[in-house]
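These numbers come from a predicted model, not from an experiment. One-based numbering, in listed order, for ligands and for the atoms of each.
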Amino acid sequence: MGLKLSSVSHHFDGHLAVDDFNLSVGHGELVCLLGPSGCGKTTSLRLAAGLEDLQQGTISIGGRMVADGVSSLPPESRDIGFLFQDFALFPHLTIADNVAFGLDKMADAEKKARVLEVLSQVGMETRGDSFPHMLSGGQQQRVALARALANRPNLVLLDEPFSGLDSALRSQVRDQTLHLLKKSGVSTLMVTHDPEEAMFMADKIALMREGRIVQFGPPADLYCRPVEEFVATFFGEVNDFESEVGSDGHIATPFGGLESAGLTIGTKVKVLIRPEALILSSDDSNNEVEVMASRLLGRSSLIHLKGGEGGHFHSRMPSNFLPKEGEKLGVKLDLTQTFVFPAK
Ligand SMILES: Nc1ncnc2c1ncn2[C@@H]1O[C@H](COP(=O)(O)OP(=O)(O)OP(=O)(O)O)[C@@H](O)[C@H]1O
Ligand SMILES: [Mg+2]
């Protein structure tokens, strides 16, 4: 096991920042901690790193107990590499010396070879003699990643490692990092607040809210089988409306009836439909809808549809599908991206 946090809770002045937290990162697995600002992601990571004193619960890394509330190993004895939000390199050290910083137990020749090896893994092998201020933000970030991996740690902890990069560079560095981590076989816990980034990187995602994990599993589980409304909406815009289980046992929607999934007649429900689940076509006259506007967004088009009682819905269709305003279209519902929860 790469990392195991068991029943970990953490207070700051009476505020419960991490609340009975249980999380495992398997050997060689990449797990993303995802959640809104202030939900306790960084605190969980700092506890795992030993940068925050453990108040309750236990933490083990690579099968070894590192903190159990009684004793605690310092960060440098935990066999970890980390990269935090402010990934600061030491400004007075060269790039090579920055990467070599944690390798003090190695002989000089071995150290030099290892520094060159990790720097080439991030494409920075020619910049060993430069100083941090001579590098762009993205290059510095890659060096910080090389530094985190240099000592071949059991576990890497990354806190928003791609923040501060522009979107083109961000996807490039993210892609390189994914392959580098996977190739090195290290276990990784990575924090992000960006659901797309989590889906891009993660073998498994732990979605957090207010110090607790709401759902943990492979990205497809969270996206396709959300356990509650918060999970479904966190991954992107959804059409939502209230309805109820009718006397025929079905839930009425403007796009046809839905199965009630075991809910009793009369139960008030919230229906969530992802825009890509409203599939439009001109040759299907069932469930007609009227187009209010169409916009090309690049890889997909967004079509605004008139709903009943002044409401309106969004449909997302692949590529360049741009029906005209006022046009009537048939709509089919993709039930795999339609979710029903009892109303609160
Ligand atoms: N040193 C501290 N002292 C007091 N409160 C703190 C401290 N660090 C964090 N907190 C509080 O604990 C909660 C969780 O903070 P944390 O930094 O873990 O959130 P986060 O999920 O990493 O957020 P973000 O996405 O904004 O980085 C917040 O309410 C925060 O204000
Ligand atoms: Mg944070």
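- Nearest-heavy-atom check against atom 12 (O) of ligand 1 across S37, A17, S44 picks out A17.
- Taking atom 17 (O) of ligand 1 as the reference point, the nearest protein heavy-atom neighbour is T42 CB, 3.7 Å.
- Side-chain N/O atoms of E29 and S187 include no donor and acceptor closer than 3.5 Å.
- Evaluated for a side-chain contact (heavy atoms from CB on, under 4.5 Å) with F255, the options V331, N239, V271 yield exactly one hit, V331.
- A side-chain donor from one of T42 and D159 sits under 3.5 Å from a side-chain acceptor of the other.
- Protein heavy atom in closest approach to atom 25 (O) of ligand 1: K41 NZ, 2.7 Å.
- The Mg ion (ligand 2) has no N, O or S atom of S37 closer than 2.8 Å.
- For atom 6 (C) of ligand 1, the nearest protein heavy atom lies under 4.0 Å away.
- Between F101 and F90, the two ring planes are tilted [angle within 30° to 60°].
- In summary, E117 and K112 do not engage in a salt bridge, as defined by a charged side-chain N under 4.0 Å from a carboxylate O.
- Between K268 and E242 no salt bridge is recorded (no basic side-chain N to carboxylate O distance below 4.0 Å).
- Not a single heavy atom of H193 sits closer than 4.0 Å to an atom of ligand 1.
- Taking the charged nitrogens against the carboxylate oxygens, E160 and K41 have no contact shorter than 4.0 Å, which rules out a salt bridge.
- Side-chain atoms of H314 and E237 form a donor-acceptor pair, as typed in the model, at a separation below 3.5 Å.
- For atom 1 (N) of ligand 1, the closest non-hydrogen atom of the protein is F12 CE2, 3.7 Å.
- Here the heavy atom of the protein found nearest to atom 15 (O) of ligand 1 is T43 OG1, 3.7 Å.
- Among protein heavy atoms, atom 27 (O) of ligand 1 sits closest to Q85 NE2, 3.5 Å.
- There is no side-chain donor-acceptor pair under 3.5 Å between T336 and R225.
- With a 4.0 Å heavy-atom cut-off, ligand 1 is reached by the side chain of H15 but not by its N, CA, C or O.
- For D13, no nitrogen or oxygen atom sits less than 3.5 Å from a nitrogen or oxygen atom of ligand 1, counting backbone and side chain alike.
- The presence of a protein heavy atom under 4.0 Å from atom 23 (O) of ligand 1 is confirmed.
- Protein heavy atom in closest approach to atom 14 (C) of ligand 1: G38 O, 3.4 Å.
- Within the 4.0 Å heavy-atom cutoff, G35 does not count among the residues contacting ligand 1.
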